[in-house]
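What's counted below: heavy atoms across the whole structure, side chains too, no hydrogens, waters or symmetry copies. We name chains A, B, ... by the order of the sequence lines, and we start the count at 1 in each one.
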Amino acid sequence: MNQDHPSSSSEQGQRPKSHLEAARREKLRRIAEMGIDPWGGRFDGHRPIREIRARENEIVVVDGGDGRSAPELRGPRVRAAGRIMLLRRAGKIMFIDIRDWTGKIQVLVGKAQVGERNWELAQCFDLGDIIGVDGELKRTKTGELTIFADNLHFLTKSIETPPEKWHGLADPELRNRMRYLDLAYTEGVMERFLRRTQIVHSIRATLAEEGFVEVEGPTLHVIAGGAAARPFVTHHNALDMDLYLRIALELHLKRLLVGGMEKVYELGRVYRNEGISPRHNPEFTMLEAYQAYGDYHTMMDLTEKLIVQAIRATGQPLQLPWGENVIDFTPPFARKTYDELFAEHTGVNPTDPASISYFASSRGIEVVGRHPDVIKNEIFEEFVQPKLTGPIFVLDYPASICPLTKRSRNNPQIAERFELFVQGMELANAYTELNDPDLQEELFSRQLEGLPEEESMARMDRDFIRALRHGMPPAGGLGIGIDRLVMLLTNCQSIREVILFPLYRPEVD
RNA sequence: GGGGCUGUAGCUCAGACGGUAGAGCAACGGACUUUUAAUCCGUAGGUCUCGGGUUCGAGUCCCGACAGCCUCACCA
C-alpha cells in the first residue's frame, strides 16, 4: 500500500480485514439504517441474571379458564442485559443464550411475539453482540428457564469474531494477552477473578477487625531495600537521579512503627527484576503487616486467621483441591523448626557444618568461600522445601541469612523468623523485627559472605538506621504473597492465571 | 541466559515416506415457532509465524530469527 494519501484512523477502522468482519459491518450498517445506535446507550432497570434466575419459583401454571385451552405458564416480567454467547435460529423463532457477570440465561425470540421491527433487528445479531431483553420469565417445553422476549434492545456490536463456542480460547498466550476475551468466554475465569477480589477484601476486613490501619508507602525508592532482589531502575528527570521501583514494603512500614503506628499494613504491588515462571511475575501483590509489641508467634496466629477467613470468604471449605491433591487449611497449621525439617529430609546433622559441607559438595553444590549457613540454606531450598506440602510453618532460620530479624534470646545463631510453606511454595515470611540500630547497621554493612552486593538484602539505608536509633518498638512483621495465596485458593497452578494482565513481550504486527 | 516442546483459516485442531492444504465451529445463501455445542442442503474462506538453505518440488528436511509453554538458573 502506498502512503501518498494517509487515511484517517476511522477510515482504517472501517476497512474490513476479513469476510467475517465485513459481514458484521454489514449488519452494523443495517442496524444504523433502522435508526438504532449500534453502540447503544444507557440501559436502566435490568437485573443481574443470577437474580433473574432466582425468580423461577414465581412461575405458576394457570388454567385456560374455559376448560378447553391447555394450562399455560405465567412468570414475572424481567429485563436483562448481556453478551450473546449462543444463537440458535429455527425459522421464525430463535434461541439466544446471553451472559452477564453473574450468569447465563436463554432468551426465546419469536417473530410474532416481538413484532416485525424487533425481528428485523434480531436478524442483525451476531455472537458476541451485547443486547438487552424485556420479557416474561418462564420455561420452555423442555424445561429450560427462559426469558420469552417481547422487546429487544441493541446495546453494542462486536466487530470481531468470538472464540470457538465449544472449546473457547485454549491457547494460554491468547487467554492471558486478551484477558477480556478470557473473562467473557472462558468458563470460570470471571468467577476466579471475582474470587481474588473477595480474598483481598477479606484480608483487609480481617486486618481492620484486628485493629490494623492501611497505609500507602512510596513505590519509587532511592534505595531498593527490604528484600534480596534485583530492582527495576527508572529515572527522575527534574532531580536527575535514578530511582528504583520498590522490591518490598518493609523499611517504610517499620519507619511508621517508629512514628507510633502500632498496627500498620500495606497491601500493594512490588516489582522484582527477576525471571518469569509459573510462580513468578515481575510485578506482584504483597501484604506486609507490622504489629508493635508482637513477635513472630503473634504473626503466626495472624497468618492463620487471615488465610482461614479468606477461604471462608470465598465460600469454600478448609480442604481445598490442588491439582490431584487436597490441601487441608484447618488450623492450627503444623509448626516445625528449620533444623528439625533439615534433619528429617536430609538425614544430616543441622548443627554440624562439616557434614553439611560434605552433603553439599556430594550433591554438586558449591561450598568453597561460602558461609556455612548459605550452603545449608541452599540444601534446604533444594532438598527440603519441595517436600513441604503443608501448610506448615518453618521456624527459626539461621541468623546469618536474616539481616532484618531479631536473634533468639537463647541462641544468637537463630533468627526469630518463620516461613509458611504450602505445596512447596513459600506463601508467607515473618520475623520478630530487629530493632537494635547498632546491630542493624552492622548487618547492613557486613557483606554477607558468598553473596555479591546486588543479591544481598544488606543494602545500607541510612535514614532507616536513623529511624531505628529513635526507637522502634519491639514488633512482629509479616509478609504474604497475595498472588500465590489466590493461586492456592482458586486451584491455579500458574501465577499468570490469577493476575489479570501478566507481563508479556509485545505482539509484533 | 541454558535445555526440551510448540507456532497450519477468526477460533479449536488434523496433515506417515517431501508431490500443489483438510475438518468442526464461526461466516454467507436456503429449510425449520421449543432449540440448547440445534439439525439438514449448498457456498465461500489460507503469505502453513518470519527469513534463508537443500530439492525438479518444502506445511513437512536443515539453519537462523521472533513469540509462547515447560524446565533449570536468579527470585517470592
Side-chain angles (χ1 to χ4, degrees), chain A residues 16-27 73 84-97 104-114 119 126-128 138-146 148 158-178 181 185-186 226-231 247-248 270-288 378 381-382 385 419-421 424-429 451-452 454-455 457 479-485 487 493-496 502 504-509:
Chain A
K17 290 179 298 195
S18 69
H19 70 288
L20 298 169
E21 180 179 335
R24 282 167 180 263
R25 287 198 179 275
E26 169 59 19
K27 290 174 188 164
L73 294 175
I84 297 176
M85 305 302 286
L86 241 36
L87 204 72
R88 296 177 289 280
R89 298 174 194 273
K92 295 182 179 60
I93 191 179
M94 61 200 285
F95 294 92
I96 304 172
D97 290 358
K104 228 184 260 188
I105 195 161
Q106 175 170 271
V107 178
L108 186 153
V109 177
K111 185 178 184 184
Q113 292 85 339
V114 298
W119 185 249
D126 281 306
L127 294 177
K138 292 194 291 191
R139 294 184 177 285
T140 61
K141 69 182 184 189
T142 55
E144 177 81 19
L145 194 62
T146 299
F148 286 68
S158 170
I159 294 302
E160 293 278 352
T161 313
E164 213 258 6
K165 68 185 180 190
W166 182 243
H167 299 93
L169 270 190
D171 184 339
E173 180 182 355
L174 294 183
R175 289 183 46 200
N176 292 331
R177 276 191 199 275
M178 295 190 279
L181 281 186
Y185 292 99
T186 311
R230 286 158 64 190
I247 59 172
V270 297
Y271 306 85
R272 297 189 182 177
N273 204 340
E274 307 281 358
I276 296 174
S277 87
R279 292 177 176 195
H280 301 85
N281 194 62
E283 54 179 309
F284 62 104
T285 302
M286 178 101 110
L287 164 71
E288 288 195 28
E378 196 167 321
E381 285 176 1
E382 188 169 341
Q385 279 183 19
E419 292 194 336
L420 174 63
F421 283 90
M425 190 156 67
E426 183 192 332
L427 186 59
N429 181 18
L451 279 182
E454 65 166 8
E455 291 175 19
M457 268 196 231
I480 295 181
I482 298 301
D483 311 273
R484 289 178 170 185
L485 179 63
M487 284 169 70
Q493 323 286 308
S494 170
I495 199 168
R496 284 184 286 263
Y504 272 91
R505 285 201 152 89
E507 291 174 85
V508 287
D509 294 323

Tell me what [X] touches on the nucleic acid: a base, only sugar-phosphate, or nothing, going by heavy atoms under 4.0 Å.
{"X": "A:E144", "result": "base"}
{"X": "A:N281", "result": "base"}
{"X": "A:D171", "result": "sugar-phosphate"}
{"X": "A:L427", "result": "nothing"}
{"X": "A:K27", "result": "sugar-phosphate"}
{"X": "A:G275", "result": "base"}
{"X": "A:G479", "result": "nothing"}
{"X": "A:R177", "result": "sugar-phosphate"}
{"X": "A:P278", "result": "sugar-phosphate"}
{"X": "A:A23", "result": "sugar-phosphate"}
{"X": "A:L86", "result": "sugar-phosphate"}

Among [options], which nucleotide sits nearest the side chain of [X]?
{"X": "A:D126", "options": "B:U34, B:U12, B:A27", "answer": "B:A27"}
{"X": "A:T140", "options": "B:U12, B:U35, B:A26", "answer": "B:U35"}
{"X": "A:L174", "options": "B:U12, B:U35, B:U33", "answer": "B:U12"}
{"X": "A:W166", "options": "B:C28, B:A37, B:A76", "answer": "B:A37"}
{"X": "A:A90", "options": "B:G10, B:C74, B:A38", "answer": "B:A38"}
{"X": "A:E164", "options": "B:C75, B:U33, B:C11", "answer": "B:C11"}

Is [X] close enough to [N] that one of its side-chain N or O atoms is under 4.0 Å from OP1 or OP2 there?
{"X": "A:R505", "N": "B:G68", "result": "yes"}
{"X": "A:K165", "N": "B:A26", "result": "yes"}
{"X": "A:R496", "N": "B:C70", "result": "yes"}
{"X": "A:Y504", "N": "B:C69", "result": "yes"}
{"X": "A:R88", "N": "B:A38", "result": "yes"}

Nearest-Å distance once atom [atom1] is located in both [N] and [M]:
{"N": "B:C48", "M": "B:G22", "atom1": "C1'", "result": "12 Å"}
{"N": "B:G46", "M": "B:A23", "atom1": "P", "result": "14 Å"}
{"N": "B:A21", "M": "B:G57", "atom1": "C1'", "result": "15 Å"}
{"N": "B:C13", "M": "B:U36", "atom1": "C1'", "result": "24 Å"}

Considering all heavy atoms of both residues, which atom of [X] and which atom of [Y] are nearest to each other, and what is their separation?
{"X": "A:W119", "Y": "A:I93", "value": "CH2-N, 3.4 Å"}
{"X": "A:I247", "Y": "A:R230", "value": "CG2-O, 4.3 Å"}
{"X": "A:L169", "Y": "A:L181", "value": "CD1-CB, 3.9 Å"}
{"X": "A:P163", "Y": "A:G168", "value": "CB-C, 3.9 Å"}
{"X": "A:D171", "Y": "A:E173", "value": "OD1-N, 2.8 Å"}

Any heavy-atom pair between the side chains of A:R88 and A:Q106 that's under 4.5 Å? yes
Just wondering, do A:M85 and A:Y185 contact through their side chains at under 4.5 Å, heavy atoms? yes
Paired with [N]: which nucleotide, if any, by Watson-Crick or G-U wobble criteria at under 3.5 Å for both distances?
{"N": "B:A37", "value": "none"}
{"N": "B:G22", "value": "B:C13"}
{"N": "B:G1", "value": "B:C72"}
{"N": "B:C32", "value": "none"}
{"N": "B:C66", "value": "B:G7"}

Between B:U35 and A:Q106, counting only base atoms on the nucleotide and side-chain atoms on the residue, is there a donor-acceptor pair under 3.5 Å? yes
Between the base of B:U34 and the side chain of A:T142, is there a donor-acceptor distance below 3.5 Å? no
Provide, to the nearest angstrom, the distance between the CE atom belonging to A:M178 and the P atom belonging to B:G10. 12 Å
Specify the residue among A:R24 and A:P163 whose closest nucleotide of RNA chain B lies further upstream toward the 5′ end. A:P163
If each of A:G91 and A:E283 is mapped to the nucleotide of RNA chain B with the nearest heavy atom, which maps nearer the 5' terminus, i.e. the 5' end? A:G91
Check whether the aromatic ring of A:F95 stacks on the base of B:A38, taking stacking as ring centres less than 5.5 Å apart and planes within 30° of each other. no
For A:E21, run the side-chain hydrogen bond (donor to acceptor under 3.5 Å, both in side chains) check against A:R24, A:R25, A:H19 and tell me which one passes. A:R25
